[in-house]
Amino acid sequence: MHSFAALSLKVIIFIIFQYFLFIKTSYGSHLVVKVTGFDSATSPIYVWGYDRKFYFDDKLGPLFMVQEKDVNNFLNISLKAFPHIVIGLFAFQDTDGNGEFTLDFKGEPLEPYGFSLNPEKNYQETIFEDVAFDTQKFELVEIKLK
């Protein structure tokens, strides 16, 4: 009788743990990015997400990179697989098709670009604090490309 009660308690604890692990996930099920102001419908849109100021300021490895090739989805890019954290988003349209954000020799953008929260600053003046937001507080983030 004693081993049955101990086994039952272990099973109940395991079920409760699994409930919190799978049902109450820490990932966003709602975050959607809407990109507007793109040049043409033939070039893909890239969205890069940064969670650290250092990486954003130095334009190094983002937390994630999402590519959307279908023009029908430019207004509905889902980011539901990423955790509830403070992130800053950078989006650009790859008009030359090289898969990279292209700059001229002075460091000025040659392709349409935009940031989350749409700060009114130039590309080189934008800092992480201008674009960072808490993913739990937003369901839709609109990025207007310049």
Side-chain angles (χ1 to χ4, degrees), residues 7-146:
L7 180 63
S8 297
L9 180 62
K10 289 178 184 177
V11 168
I12 290 172
I13 291 172
F14 179 75
I15 290 172
I16 290 172
F17 176 76
Q18 293 298 321
Y19 172 77
F20 286 115
L21 183 65
F22 291 113
I23 303 299
K24 300 290 271 181
T25 61
S26 63
Y27 295 97
S29 60
H30 63 283
L31 188 59
V32 173
V33 175
K34 176 181 177 181
V35 179
T36 59
F38 48 88
D39 277 347
S40 67
T42 59
S43 303
I45 296 285
Y46 287 86
V47 178
W48 295 351
Y50 292 90
D51 65 336
R52 300 279 190 271
K53 178 180 174 47
F54 170 77
Y55 294 126
F56 181 83
D57 291 344
D58 290 341
K59 297 164 185 62
L60 298 173
L63 175 65
F64 62 85
M65 295 185 278
V66 176
Q67 176 188 14
E68 183 56 61
K69 294 180 180 181
D70 186 4
V71 67
N72 297 319
N73 293 332
F74 288 173
L75 303 178
N76 190 24
I77 300 172
S78 176
L79 298 181
K80 67 181 181 179
F82 301 103
H84 286 301
I85 54 174
V86 174
I87 60 172
L89 300 177
F90 170 68
F92 71 95
Q93 184 173 21
D94 187 21
T95 55
D96 59 9
N98 67 354
E100 298 176 0
F101 185 56
T102 307
L103 303 172
D104 66 8
F105 68 95
K106 296 185 291 184
E108 295 294 322
L110 294 176
E111 298 175 318
Y113 70 94
F115 297 96
S116 52
L117 305 181
N118 299 305
E120 293 294 325
K121 295 186 176 184
N122 293 334
Y123 174 73
Q124 295 176 342
E125 297 173 355
T126 305
I127 60 173
F128 184 71
E129 289 80 7
D130 295 334
V131 301
F133 65 96
D134 186 350
T135 58
Q136 284 185 326
K137 297 180 181 178
F138 287 83
E139 290 185 14
L140 177 68
V141 176
E142 183 175 351
I143 298 176
K144 298 175 186 171
L145 300 182
K146 301 177 191 181

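Values reported hereafter were calculated over all heavy atoms of this structure, with side chains retained and with hydrogens, waters and symmetry mates removed. For clarity, every value in this text was computed on a predicted model and none was experimentally measured. The chain is numbered in sequence order, starting from 1.
- Within a 6.0 Å radius of OH in Y55, other residues, nucleotides and ligands contribute 12 heavy atoms or fewer.
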- Task: Evaluate the side chain to side chain contact (heavy atoms under 4.5 Å, CB included) criterion for residues L117 and F138: first the C-alpha distance (whole Å), next the side-chain angles of each, then the deciding distance (0.1 Å), finally the verdict.
- Result: CA-CA 11 Å; L117 305 181; F138 287 83; 4.1 Å; yes
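- Heavy-atom neighbours of Q67 CD from other residues, nucleotides or ligands within 6.0 Å: above the threshold of 12.
- Heavy-atom contacts from other residues, nucleotides or ligands closer than 6.0 Å to NZ of K69 number 12 or fewer.
- Minimum interatomic distance between E125 and K121 (heavy atoms only, all atoms of both residues): O-CD, 3.8 Å.
- Between D57 and F128, the shortest heavy-atom contact is OD1-N, 3.8 Å.
- By the 4.5 Å heavy-atom criterion applied to side chains, F38 and I45 are counted as neighbours.
- The backbone N or O of N76 sits nowhere less than 3.5 Å from a side-chain atom of N73 that would complete a donor-acceptor pair.
- Separation of atoms NZ (K137) and CG (L31) is listed at 14.0 Å; rounding is to 0.5 Å.
- Side-chain contact between Y50 and V131: absent, with no pair of heavy atoms (C-beta onward) separated by less than 4.5 Å.
- When all heavy atoms of T126 and P119 are compared, the pair lying nearest together is CG2-CG, 4.0 Å.
- Side-chain atoms of N122 do not come within 3.5 Å of backbone N or O of Q124 as any donor-acceptor pair.
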- Begin from the C-alpha positions of L79 and T135 and carry the test side chain to side chain contact (heavy atoms under 4.5 Å, CB included) through to its verdict. CA-CA 10 Å; L79 298 181; T135 58; over 6 Å; no
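- Looking at heavy atoms from C-beta onward, V66 lies out of side-chain contact with V33 at the 4.5 angstrom threshold.
- Between the CZ atom in R52 and the CD1 atom in I87 there is a gap of 12.0 Å [rounded to 0.5 Å].
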- Item | CA sep, side-chain torsions, deciding dist, call: F64, L89, side chain to side chain contact (heavy atoms under 4.5 Å, CB included) | CA-CA 10 Å; F64 62 85; L89 300 177; 3.7 Å; yes
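- For the pair P112 and F101, the tightest heavy-atom approach, listed with the atom from each and the gap, is O-CE1, 4.5 Å.
- V35 approaches L75 most closely through the heavy-atom pair O-CD2, 3.3 Å.
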- Task: Let me see the working for L145 and F74 under side chain to side chain contact (heavy atoms under 4.5 Å, CB included), right down to the final yes or no.
- Result: CA-CA 12 Å; L145 300 182; F74 288 173; over 6 Å; no
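- Interatomic distance, L63 CG to I85 CD1, rounded to the nearest 0.5 Å: 5.0 Å.
- Across every non-hydrogen atom of T102 and E111, the tightest pair is N-OE1, 3.1 Å.
- A distance of 13.0 Å separates OH of Y113 from CD1 of I143, quoted to the nearest 0.5 Å.
- At most 12 heavy atoms of other shown residues, nucleotides or ligands fall within 6.0 angstrom of atom CD in E120.
- A cation-pi arrangement is present between K59 and Y123 under the rule of less than 6.0 angstrom and at most 45 degrees off the ring axis.
- Counting heavy atoms from C-beta on, the side chains of V47 and E68 never come closer than 4.5 Å.
- Panel note: side chain D94, backbone Y46; no donor-acceptor pair is recorded below 3.5 Å.
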